[in-house]
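Below is one structure, written out as structure tokens; the observations come after it.
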Amino acid sequence: MNKFRLVMIATLVATFLFVGCNQQGKDSSGALASSAAEKVYVAPGEHDDFYAFISGGFSGQLSVYGLPSGRLFKVIPVFSQDAEKAWGYNEETKPMLNTSHGFVPWDDSHHPDISQTNGELDGRFVFINGNNTPRIAKIDLSVFETTEIIEIPNSAGNHSSAFVTENTEYVVAGTRFSVPIPQRDMPINEYKGNFQGSLSFISVDPEDGGMDLSFQILMPGFDYDLAHPGRGASHGWMFFSTYNSEESHSLMEVNASQNDKDFIAAVNWKKAEEYINEGKFKTMPANYAHNVYDEETHTATSTMKKEVRVLDASELPGLVYLLPTPKSPHGCDVNPTGEYIVGNGKLSSDLTVHSFAKMIDAIESEKFDGEAYGIPILSFEDVLAGTVKQAGLGPLHTEFDGQGNGYTTFFISSEVVKWKVGTWEVVDRQPCYYSVGHLMIPGGNSRKPYGKYVVAMNKITKDRYLPTGPEVTQSAQLYDISGEKMELLLDFPTVGEPHYAAGIPADLIKERSKKIYSLEENKHKYATTSDANVRVERNGNEVHIYMTMIRSHFNPDNIEGIKVGDKVYFHVTNLEQDYDVPHGVSMIGANTSELLIMPGQTETFVWEPKQVGVWPFYCTDFCSALHQEMQGYVRVSPANSDLELSWSLGED
């Protein structure tokens, strides 16, 4: 190497070092000074540390992301039809979207929560609420599929949902809007004293997770916003934030903001169980759908229920107490020990923290400050644990890191604020971009938070991403909270408008993920688990095709004798049994883009041919090197044709 080249190399290195040091000095957030990219990097073939289940808002679905990478892994269809997975399009899953209002193929999903055992996440199920047509869904995390949806009667705007108790004894579903109960024709301006709220407690079977609407508690005609469970000493209680204690019904932004304080409703569900066991409930006529997907038959059934047990809070002492909370509280959050209940008043710059121990003492000493519809109101000063003063503008939600710190989002000042539980002092704050709503710490709604990250879900993302028209992408931001100060690591776009999220270590789920789908377990009514049973049958103008699929062909792959005007049912069974070999099928003119059929499963779609011709069907999910060859044909003859049904595979 000559001297000239050595000098040039030395000069370039020196220049690089000088510029790097200079840039580092000018901008401490620059790439050379920050390890943020390294902290979120997940190398090819490596796995993320956490699953994040983020609500899809107006998409009606639930999205699965990895943390810290922010990678989107899957969208789980829940309350809305999903063409990718044929959810709500195939005959098996249509019943899952049935309600007392008929088939409702679209909803608004808000608050996922993960099942718990002894107050710790167990990774079995995720529950999430449908907000518009009130429903609660259960997702089985061994298969990442929605397996149950129950409609909630006497409810409107199912918002303070779906939050689980410490051992998943119950999932709660609180109404947002009060309504006449039972529903009836009455003047809206007679709202006050006549409308009521309802808080529903849905029991969960400890073995299979089956849900049942156990009972409802009738409440005053306030709005019920969010909820969180007691834990530890406060086990057996559920706390709901309320607003509109004015019981206004018009121009709510003014008329529902008059009172200096609204309430957190403390509900003693253990006491409710006592009243139920003593028969002190009323049985109210109701009409609601209970939809269950059977993993053996791969088919959903919808049952209409006709009554519900109701407890009236105004008539049953010890069932509910009201904790005064400034002002129009939104979030209602409980720390890991269960001692502190945080009320986030949207119109207050302070955070109010109630003490459970003081609450119990006030109840036992009957330190009441009046009542509302027979429900005792506790004295504000008697239950106050402390106040986080002037923490920010527009407090919404709080989560905890397990190290004695709370983290609260402030919508107006667009920030996450870290504060010390017990001393109530602010110790850190970091900006969000922009107008943050919910936040999530994995396990933050449990006895055992995993305080490594916080995810902030923002309502506005102006200038953070490439423009995509007036509806810019929704956004989440990932912060490292493992140190004394929070560090913003990552922005990542989200599906729909994210509301709440639930996070869990990946190791608690991934080893439970189902790997083999045995054909012997397929109990579908129309399953064809052997090529020996492939057939096509006619019953009048109905034709049933019992078809199989395997890499890389359908059986049969040629069908003749179908006529214009027939109603053709394709019952298609995937003969693969390894978890990562789904197949798809699509038929020209069918009113579903495809079926995505999991290994070992059977699904059905209906095709009503309108035109004479020879029409292809094909596999829609890449399955092998010969995926393109995985196809077949259906011959459609005129309605008056006398051509008999025939089918074949590999024959001339």
Side-chain angles (χ1 to χ4, degrees), residues 79 98-102 104 107-108 110-111 127-137 148-163 170-188 190-204 211-227 238 240-245 247 249 263 265 267 269 272-273 275-276 279-291 302-316 319-320 372-375:
F79 297 113
N98 191 38
T99 76
S100 62
H101 304 275
V104 177
D107 212 317
D108 183 15
H110 276 219
H111 305 126
F127 301 90
I128 190 168
N129 60 319
N131 201 37
N132 182 29
T133 304
R135 287 172 280 181
I136 297 292
E148 193 167 5
I149 298 178
I150 189 166
E151 187 181 3
I152 310 300
N154 300 323
S155 182
N158 177 39
H159 198 258
S160 43
S161 317
F163 300 103
Y170 297 101
V171 179
V172 300
T175 190
R176 178 179 169 192
F177 311 112
S178 288
V179 293
I181 297 178
Q183 277 285 12
R184 56 194 182 275
D185 181 13
M186 64 170 292
I188 296 172
E190 296 180 10
Y191 177 116
K192 191 166 187 175
N194 291 306
F195 284 35
Q196 289 181 287
S198 67
L199 308 177
S200 301
F201 284 73
I202 299 151
S203 62
V204 180
M211 297 191 296
D212 181 63
L213 179 51
S214 182
F215 60 88
Q216 294 184 315
I217 299 175
L218 292 186
M219 297 286 288
F222 309 150
D223 288 49
Y224 298 84
D225 206 349
L226 279 163
M238 182 68 72
F240 296 82
S241 61
T242 78
Y243 65 99
N244 191 27
S245 55
E247 295 183 81
H249 63 272
F263 303 108
V267 177
W269 58 260
E273 289 180 334
Y275 281 132
I276 292 291
K280 295 181 179 179
F281 60 86
K282 300 174 183 176
T283 300
M284 179 178 290
N287 191 33
Y288 63 100
H290 188 180
N291 310 326
S302 180
T303 305
M304 296 305 299
K305 300 294 186 71
K306 296 299 181 183
E307 61 183 28
V308 62
R309 298 184 297 188
V310 171
L311 300 172
D312 192 329
S314 67
E315 299 175 356
L316 299 172
L319 183 58
V320 181
Y373 297 99
I375 301 173

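Remember, predicted model here, so these are calculated numbers, not experimental data. Computed over heavy atoms, backbone and side chain alike; hydrogens, waters and symmetry mates excluded.
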Are Q196 and V179 close enough, and set up right, to give a side chain to side chain contact (heavy atoms under 4.5 Å, CB included), and what steps lead you there? CA-CA 6 Å; Q196 289 181 287; V179 293; over 6 Å; no

Please evaluate residues K305 and L213 with respect to the criterion side chain to side chain contact (heavy atoms under 4.5 Å, CB included), reporting the C-alpha separation (whole Å), side-chain torsions for both, the decisive distance (0.1 Å), and the verdict. CA-CA 10 Å; K305 300 294 186 71; L213 179 51; over 6 Å; no

Let me see the working for M304 and S100 under side chain to side chain contact (heavy atoms under 4.5 Å, CB included), right down to the final yes or no. CA-CA 8 Å; M304 296 305 299; S100 62; 3.9 Å; yes

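With I217 as reference, V267 is the one residue of V267, V172, V310, D312 to meet the side-chain contact (heavy atoms from CB on, under 4.5 Å) rule.
Scored by the side-chain hydrogen bond (donor to acceptor under 3.5 Å, both in side chains) test, H111 finds H438 as partners (sequence neighbours excluded). Legend: residues meeting ring pair (Phe, Tyr, Trp, His ring centres under 6.0 Å) with F195, ordered by chain and number and at least two apart, are Y191. With sequence neighbours excluded, the residues forming a side chain to side chain contact (heavy atoms under 4.5 Å, CB included) with P134 are I152, S155, N158, listed by chain and number. For E315, the salt bridge (charged side-chain N to carboxylate O under 4.0 Å, His left out) partners are K282, not counting sequence neighbours. Residues that satisfy the side-chain hydrogen bond (donor to acceptor under 3.5 Å, both in side chains) test with S214, not counting sequence neighbours, are R309. Contacts of K280 classified as side-chain hydrogen bond (donor to acceptor under 3.5 Å, both in side chains), with partners at least two apart in sequence or in another chain: E278. A search for ring pair (Phe, Tyr, Trp, His ring centres under 6.0 Å) contacts involving F281 returns nothing, not counting sequence neighbours. A search for ring pair (Phe, Tyr, Trp, His ring centres under 6.0 Å) contacts involving Y243 returns nothing, not counting sequence neighbours. For S200, the side-chain hydrogen bond (donor to acceptor under 3.5 Å, both in side chains) partners two or more places apart in sequence, or in a different chain, are Q216. Residues meeting the ring pair (Phe, Tyr, Trp, His ring centres under 6.0 Å) test with F240, sequence neighbours left out: none. A search for salt bridge (charged side-chain N to carboxylate O under 4.0 Å, His left out) contacts involving E247 returns nothing, not counting sequence neighbours.
You'll find the side chain of S198 stays beyond 4.5 Å of the side chain of M219, heavy atoms only. Y224 is not listed as a side-chain neighbour of S241, based on a closest heavy-atom distance of 4.5 Å or more. Here the side chains of V308 and N154 are in contact, with some heavy-atom distance below 4.5 Å. H159 has its side chain within reach of L226: a pair of non-hydrogen atoms, C-beta onward, lies under 4.5 Å apart. Using a 4.5 Å heavy-atom cutoff, the side chains of T99 and R135 are in contact. Considering only heavy atoms from C-beta on, F79 comes within 4.5 Å of I149 through its side chain. Side-chain contact check for K192 versus H249: every heavy-atom pair is 4.5 Å or farther apart. Residues I181 and M284 have side chains in contact (heavy-atom distance under 4.5 Å, counting atoms from C-beta outward).
Of the possible donor and acceptor atoms, none in the side chain of N132 sits under 3.5 Å from a partner among the backbone N and O of G157. With hydrogens and angles ignored, the 3.5 Å screen pairs a side-chain donor or acceptor of R184 with a backbone N or O of P182. In this structure, the side chain of E151 does not engage the main chain of Y288 through any donor-acceptor pair within 3.5 Å.
Taking all atoms of both residues into account, the shortest heavy-atom contact from G174 to L199 is CA-CD2, 3.9 Å.
Between F215 and F201, the ring planes lie parallel to each other; the angle is under 30°, not in the 30° to 60° tilted range.
Among pairs with a residue in residues 213-225, none fulfils salt bridge (charged side-chain N to carboxylate O under 4.0 Å, His left out), at least two apart in sequence or across chains.
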